[in-house]
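What follows is one structure encoded as structure tokens, with my remarks underneath.
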There are 4 protein chains.
Amino acid sequence: MRLHPTSVRLTVPFHDCDPLGVVWHGHYFKYLELARTEILAPRGLDGAELLATGHRLYVVDARCRYAAPLRYRDAVRVDAWVTEIDPRITLRYEIHNETTGERSARASTSLAITDADGRLLLATPPILLDRIQGHVPS
Amino acid sequence: MRLHPTSVRLTVPFHDCDPLGVVWHGHYFKYLELARTEILAPRGLDGAELLATGHRLYVVDARCRYAAPLRYRDAVRVDAWVTEIDPRITLRYEIHNETTGERSARASTSLAITDADGRLLLATPPILLDRIQGHVPS
Amino acid sequence: MRLHPTSVRLTVPFHDCDPLGVVWHGHYFKYLELARTEILAPRGLDGAELLATGHRLYVVDARCRYAAPLRYRDAVRVDAWVTEIDPRITLRYEIHNETTGERSARASTSLAITDADGRLLLATPPILLDRIQGHVPS
Amino acid sequence: MRLHPTSVRLTVPFHDCDPLGVVWHGHYFKYLELARTEILAPRGLDGAELLATGHRLYVVDARCRYAAPLRYRDAVRVDAWVTEIDPRITLRYEIHNETTGERSARASTSLAITDADGRLLLATPPILLDRIQGHVPS
């Protein structure tokens, strides 16, 4: 499954760079989130629209393999797509350094679904399946 | 007024340091918050206890003057105290680099008080005045 | 003096929002930096080009007055301009919430100039004055 | 291999919590780093002492599985130990919420070794092996 492939772009800010002159590894998860939001938010799987369904999404697994550094002012492109929708929503990512032409990282995050009381659901409920499978009305 | 003087200590983490090898200036506001929490939380002016009063505190002014850098693994002491309690709660701070013996920064933050609907109060309500003036039961 | 007025835009990311549902106040200094970089970097006052002059810039004063909150996915515009170039470089900022039409904050940051050994300069050296006053070649 | 087991403790700061009221998942990598520093720094595998060997360490793989949330002011303990020293240095971690008694996360990070020019080494050099295997003099 490779659903809803999406890309976001950013320029590396100074405050994300560490004393080695590269983006500190933990900040990559912020870049992943920018792309994940682009996929989930327009489909009502985020913020107030998600809350209104009585469900919440929590990151239960996050992984990143780093291949090449990102430096201050480098142009970054994050490619993201959905690979699993039931019982968890999993996305994969590639982070590209467009300044150097290198792939900087491969990553994935998995989201578990809970009810409003925080109880884990063992299957993705139909309302969320419909939204994650659906197309964004344009 | 110099109410509730308090100190907190921390060691500079790697992820707060920038390519110049010093703590990025915006991170100082995290260090201030650690000290502010030490003053406000035990007095019921934070988190769920504050919410239960029907009031909220928002930072409306934040200032920091930087005198000497903090570097990775430096020992830091943040001194904080309350200088104003009505209509805003203002705290002042000094950040000391205990590794070098230098004063690293002077700072202040002011908190405005709102009701549960976010409307600004023009005077600190008695329940909050009692708490900010009171002693922490030991 | 109101030199080089510049604007940058961003969308509030989830990871900048706190339990009150608004951008945590310290993150505003990241948004200011995005605008400051847009002014300084194209004029050779940043990164490797600045280092090559034998000078460094350090933030010595940072202030922000908060007027209205920023929330997740709000559209933000940061206006920035230079107000002082000698002996410090000072910028002023306004942060606008374009989703609500409100001004969210007013801010300023001042940068001191040091030589390569970290000694404070009492006047802005001519090479930096030329750059900060000059126009970006297009 | 379970080398140099070490624990660090912290209290969850407000600025690490997101609109769901829990620590944003990416911040866990900061907590891991606090524990990793406690293992590597006293053994000369960090900062200036590492640089003096002509080698650098870069995070090339980071993973975290989240089991239970951390909330504002929760007491946190990070247990860390070394599981691999050649050709990469790998650490494993468990993050415990001591306020609730729950295990909050399991994680790992792997560090690759480069020379001063950033070229990846295919084996851990003897000077680093000695340090990572050695005992800290007390």
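Below, all heavy atoms of this structure are taken into account, side chains as well, without hydrogens, waters or symmetry copies. None of these values were measured; they are calculated from a predicted model.
In terms of the ring pair (Phe, Tyr, Trp, His ring centres under 6.0 Å) criterion, residue partners of Y72(C) (sequence neighbours excluded) are, by chain and number, F14(C).
Heavy-atom proximity under 4.5 angstrom to chain B picks out R56(C), L57(C), Y58(C), V59(C), V60(C), D61(C), A62(C), R63(C), C64(C) from residues 48-64 of chain C. Taking non-hydrogen atoms and a 4.5 Å limit, the residue list of residues 92-124 of chain B in contact with chain C is empty. Residues of residues 19-29 of chain B having a heavy atom under 4.5 Å from any heavy atom of chain C, listed by number: L20(B), V22(B), W24(B), H25(B), G26(B), F29(B).
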